[in-house]
Each structure stands twice: as structure tokens, then as C-alpha cells.
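Taking it in order: structure first as C-alpha cells, then the write-up.
Values reported hereafter were calculated over all heavy atoms of this structure, with side chains retained and with hydrogens, waters and symmetry mates removed. Quick note: residue numbers are just sequence positions, from 1.
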Amino acid sequence: MSATTTGKNVKFYIWAAISLCFIFLFGLVVPPFAGITPMGVSVLGVFFGVLIATIVTGDTFWPAVMGLFGLVVCEFSPASALLATWFGNATIQQIIWVMALTGAVTESGAVNVLARKVLRIKALQGHPVRFITALLLAVLVCAALVSSPTTMLLLWYPILDTICETCGIDKDSDLKRELLLGIYIAAMGAYVLPFKGIHLSSIAIISGIMEASGLAFDNTLYLAVATLVVLAFVLVYIAFMCFVWRTDLTPLKNFDPDRLGMKESDLKMNGRQKVLLGFMLFGIIFLLAGMALPKGSTALAFYNRIGSTWIWIALFGILCIMRDKDGKPFVNGVKLLQTKTMWGIVAVAGCFTICGSAIASDDLGIKAAISDFLAPILGNATWPIMVILCVAISTIFTNLTNGMPVSFTINAVCIPLACTMQAAGGGNATVLGVATILSAMCAFMTNGAIAYAPIMLGREEMTTKFMFTKGLVANALYIVVASLICIVAGYLF
């Protein structure tokens with residue numbers, strides 16, 4: 001074992017020990033303060049311990065599991081009740097089943113076929129602005145279906161390299177760098193669906209806090225607002241490329257999809273791909289239907305009876321019943337649940353959901369202490385100021401450190417305040433959730449910003465000068481776009 005490896009292990013064990021001390025000892029050595037009860041202090045210790053471990057080590061599973069165990073040890077909840085709360089939570093169940101279903105769609109290659117089809121559209125050839133718009137929107141849609149920005153970057157960057165080679169676009173050009181950043185930004189589409197993806201950890205926290213405040217997280221509203229924010233961000237970025245930065249797009253007029261080496265078979269979906277993608281789209285349409293159904297109708301009553309979790313379980317069950325032409329199961333349900341469900345997300349979502357609910361409750365005194373502490377800053381803040389602060393703070397900090405823990409912290413602090421605003425008719429906690437989640441994932445300035453940032457920053461084309469000029473401008477564009485849309489949405493809904 002090398003000295004470097006040994007050093008990394010020592011650092012890991014030191015931080016693991018610190019986080020475990022927070023989880024198991026914080027409530028024993030720190031006396032109650034600021035009106036927080038002894039149990040509240042223990043819950044804070046668990047929250048901070050798990051947060052520290054996820055930030056420093058990059059792991060999610062073991063910190064969350066130890067955090068849940070810590071809640072049992074400090075007698076916050078009986079062991080059986082905690083398990084029921086963890087796995088009985090609708091959002092947690094949604095994570096498990098949707099990941100399995102979407103994993104089957106991704107594994108089938110259906111999304112890859114969609115991506116190739118977009119590049120073959122005749123109306124895009126010879127029109128650089130149309131081509132860039134279609135390219136980035138295709139990335140956005142594919143990212144939403146797959147919910148993996150990493151997969152999207154690994155899929156689309158080689159395609160972009162081939163496009164640039166065929167069009168004679170120099171590697172050391174702003175056009176190439178801007179397209180690389182554009183694809184990265186469009187990959188934020190992975191966070192628009194409220195029932196799949198790594199951001200479900202944050203949604204679970206928000207749902208728990210809202211439930212403790214007597215409110216319900218609105219999946220349909222999240223989908224609509226998040227989609228609008230990411231779509232607007234992509235379109236504004238394209239506008240800056242074309243009309244503000246005035247990048248020379250002339251080489252893209254020479255794009256010829258035939259030179260990408262795609263075969264006719266690469267452009268056709270087989271029966272299995274069509275069925276899997278169809279089931280996936282049906283689930284999304286079912287979710288959207290809640291916005292269109294009239295209140296008090298029989299259809300809405302049936303919709304609410306099914307909910308946003310059981311529809312995915314039912315679709316997954318139907319796929320398991322189906323057989324292909326050879327009589328074999330259409331999907332291997334057990335294998336998909338084993339291999340496609342990300343148990344680290346399930347664990348951390350469960351832990352932070354329970355901690356978030358505790359923080360938002362009135363019993364432990366944590367909510368009141370946070371409100372008193374933030375009163376000089378946010379106590380009298382209007383809805384617009386609340387949104388702008390959350391978007392700006394999340395975006396700035398997530399570009400320095402991992403985005404998810406930033407989202408966890410901001411949500412735990414600000415969502416309870418947003419719930420109070422919503423109850424008074426002055427904002428919407430779900431919309432603020434959109435703002436904090438997307439802002440915590442708008443991360444690309446440093447390698448530590450998010451796990452997949454090195455995929456872009458590590459490319460030879462990307463330079464520090466570019467990132468701290470046009471990259472900073474892109475972040476500023478996001479802050480403006482997200483703030484405006486979320487402020488308006490909060491008032492409308």
C-alpha cells in the first residue's frame with residue numbers, strides 16, 4: 001500500500017470518527033441551548049454528523065445508516081417505528097420503484113436512439129442556431145428520462161466531438177468550450193422529474209418538513225416549475241452565445257449527420273425499447289394529469305387514490321407479468337430492484353427525511369431556535385428576498401463544495417420558513433424546494449462542485465480563463481432566471 005493511499009485512509013477514518021462522535025455523543029456532551037430540548041440536541045448531532053460524513057467522504061449509505069441507528073440509540077424513536085417511517089414513506093418507496101423502472105429504460109438503449117434521431121432532423125442542417133437549440137434540448141429531454149447527468153455527458157460529449165471534427169471546429173475555440181458547457185447545463189434536465197434521480201434525497205427532506213407543517217409537497221408543481229427553470233436557463237444561455245458573446249457559429253453550417261457513422265439500425269427502436277419508453281412516458285403523463293383534472297371530480301378522486309407512488313409500482317408489476325415472443329419475462333423485476341435501485345440515496349433520503357421532520361416540528365425547539373437565529377436576516381423577508389437569497393447562496397456554495405449537502409442544509413433552514421409563508425398565502429414551499437434543489441445542482445466551476453464536474457473540467461479544451469469569465473456569466477444567468485421564475489410561481493401557486 002502506497003503512502004498516498006495510507007494517507008487517504010487515515011484522513012477517511014479521522015473524518016468518519018468525527019461524524020460518528022456527532023451522531024452518538026453530541027447529545028450527551030452538549031447541554032440544551034437556545035430553547036432546544038435534550039432530544040432536539042441529539043437530533044441535531046445526528047443531522048450534522050451525517051452531513052459532515054457525506055460532504056467529506058462522498059459516501060451516502062453508511063453515514064445515513066449510522067444516522068438512523070443514532071436516532072434509535074438516543075431514543076428519538078423505537079426501532080420498529082423508525083423502520084416503518086423509513087420504508088413506509090411514500091417518497092422513499094417512489095425512489096425504489098422508479099429507479100428500477102427507469103433503469104430498465106436506460107439499459108434498453110431507447111434514449112440513445114432518441115438522441116441519434118434528433119441529429120438527423122433535416123430542418124437543422126445549415127442553421128447553426130436551430131442546431132444548437134435542438135442539440136441542447138435533446139440533451140435536456142434525454143437527461144430527464146435517464147436522470148443521470150454523468151450518463152448524458154458520457155453519451156453526448158463523444159457525439160459533440162464527432163460533430164466538431166466533421167465541421168472543422170477547433171478544440172481551442174470558444175465555440176467548442178461553449179458547446180461543452182451548454183451540454184453540461186442541459187444535463188440539469190436530470191433534476192426536473194420529482195420521482196427519480198439523486199435529488200430525491202432533497203425532495204424527501206422537503207416533503208417531511210412540509211408534512212410536519214400540515215402541507216403536502218406538490219409533485220406536479222415541482223415538475224412544471226423545475227422544467228421551466230432548466231428550459232429557460234438553456235434558452236437564455238443559447239441567446240447569450242449567439243447575440244451577446246457573438247460566437248462565430250459558421251462552422252456548424254457544414255454539419256452533415258451522415259458523417260457521424262450512424263447505421264440505419266441505430267435510428268430504429270425495437271419492440272422492447274418502445275414498450276419500456278411508453279410505460280415510462282405513461283407514468284409521467286399520469287403525474288401531469290393531476291394539474292388538468294377538475295377539483296372535486298370523480299377522476300381526481302381516483303387519481304389521488306392511486307397517487308404518485310403506486311402508479312409506478314403498478315407499471316413495474318405489469319412489465320413483470322408481460323412475456324416476450326420467446327415466453328421469457330419482459331423484465332427481470334428482482335434483478336432490476338437489486339441492481340438499479342441506488343440504496344445510498346434510499347438511506348440518505350430516509351435519514352434526512354426523519355431529521356427534517358424533527359427539525360420542522362414544534363416539539364424539539366429546533367424550528368423556533370432557527371427562526372430566532374435567522375430573524376435578523378430572514379424573519380421579515382418577503383417571498384422574493386427569500387427566493388433570491390436561497391438561489392444565490394445555494395449556487396455560490398455548491399460551486400465550492402458538493403451540491404447535495406448544500407441542498408440538505410438550505411432546505412432544513414428555509415423550508416420551514418417557506419411553509420409559514422405558504423400558510424399565510426405569501427409563497428410556496430414546493431417552489432422554494434425547486435429553487436434550492438436546482439441551485440444546489442448548478443455546479444461546474446470547480447472539480448469539487450459535484451461528482452461529475454471533472455468530466456467537463458478535465459477536458460483539454462476547458463480553461464480556467466473560460467470558466468471564470470463565461471462560466472461565471474452562466475452562473476449569474478441561472479441565478480437571475482431561477483429567481484424570477486420561482487418568485488412568480490410562488491405567487492401564482
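Counted within 6.0 Å of CZ on F69, heavy atoms from surrounding residues, nucleotides or ligands total 12 or fewer; the atom is thus considered open. Heavy atoms of other residues, nucleotides or ligands lying less than 6.0 angstrom from CZ of F330 number more than 12. Residue-environment remark: CH2 (W310) stays at or below the threshold of 12 foreign heavy atoms within 6.0 Å.
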The test is side chain to side chain contact (heavy atoms under 4.5 Å, CB included); show your working for V244 and V473 and say whether it passes. CA-CA 11 Å; V244 179; V473 171; over 6 Å; no

Please test L180 against F466 for side chain to side chain contact (heavy atoms under 4.5 Å, CB included), starting from the C-alpha separation and ending with a verdict. CA-CA 12 Å; L180 286 168; F466 176 82; over 6 Å; no

For C486 and V225, run side chain to side chain contact (heavy atoms under 4.5 Å, CB included): C-alpha distance rounded to whole Å, both residues' side-chain angles, the deciding distance at 0.1 Å, then the answer. CA-CA 7 Å; C486 290; V225 177; 4.3 Å; yes

Show, in sequence, the C-alpha distance, side-chain angles and deciding distance for M241 and L179, and conclude whether the side chain to side chain contact (heavy atoms under 4.5 Å, CB included) test is met. CA-CA 9 Å; M241 281 183 62; L179 290 172; 4.2 Å; yes

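Put simply, the side chain of V46 does not reach to within 4.5 Å of the side chain of F76, judged on heavy atoms. M322 is not listed as a side-chain neighbour of V331, based on a closest heavy-atom distance of 4.5 Å or more. Residues K470 and L181 fail the side-chain proximity criterion, which asks for heavy atoms closer than 4.5 Å. Side-chain contact between V275 and L319 is present, with heavy atoms from C-beta onward closer than 4.5 Å.
Going from atom CD1 of I415 over to atom OG of S213 covers 10.0 Å, rounded to the nearest 0.5 Å. Atom OG1 of T395 is separated from atom CE of M445 by 12.0 Å, given to the nearest 0.5 angstrom. Atom OH of Y191 and atom CG of L438 lie 9.5 Å apart (nearest 0.5 Å). Remark: I354 CD1 to F47 CZ distance equals 13.5 Å, nearest 0.5 Å. In this structure, the separation between SG on C414 and CE on M386 is 5.5 Å, given to the nearest 0.5 Å. Between the OG atom in S77 and the CE atom in M39 there is a gap of 9.5 Å [rounded to 0.5 Å].
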Side-chain donor/acceptor pairs under 3.5 Å, residues 227-239, sequence neighbours excluded:
| from | atom 1 | to | atom 2 | distance (Å) |
| --- | --- | --- | --- | --- |
| T227 | OG1 | L223 | O | 2.6 |
| Y237 | OH | E178 | O | 2.7 |

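The shortest non-hydrogen separation linking A144 to V192 is CB-CG2, 3.8 Å. Heavy-atom minimum distance, C442 versus N399: O-ND2, 3.2 Å. Taking all atoms of both residues into account, the shortest heavy-atom contact from T436 to C390 is CG2-CB, 4.1 Å. When all heavy atoms of L68 and A347 are compared, the closest pair comes out as CD1-O, 4.3 Å. The two atoms that bring M456 and M462 nearest to each other are O-CG, 3.1 Å, heavy atoms only. The two residues L336 and A104 make their nearest non-hydrogen contact at CD1-CB, 3.7 Å.
The backbone N or O of C351 sits nowhere less than 3.5 Å from a side-chain atom of W86 that would complete a donor-acceptor pair. When atom types are taken as modelled, the side chain of D218 and the backbone of T430 share no donor-acceptor pair closer than 3.5 angstrom. Not one N or O on the side chain of Y184 forms a donor-acceptor pair closer than 3.5 Å with the backbone of L153.
W62 meets the side chain to side chain donor-acceptor pair (under 3.5 Å) test with D59; sequence neighbours excluded. Annotation: ring-ring contact (aromatic ring centres under 6.0 Å, His included) contacts of F468 (sequence neighbours excluded): none. Under the rule for a side chain to side chain contact (heavy atoms under 4.5 Å, CB included), the partners of Q422 that lie at least two apart in sequence or sit in another chain are M210, L215, N428, A429. Residues passing the salt bridge (charged side-chain N to carboxylate O under 4.0 Å, His left out) test with R130: none are found, sequence neighbours excluded. Residues that satisfy the ring-ring contact (aromatic ring centres under 6.0 Å, His included) test with F22, not counting sequence neighbours, are F26.
A ring-centre distance under 6.0 Å is found for F286 and Y303.
Classification of the Y222-F217 ring pair by plane angle, with boundaries at 30° and 60°, yields tilted.
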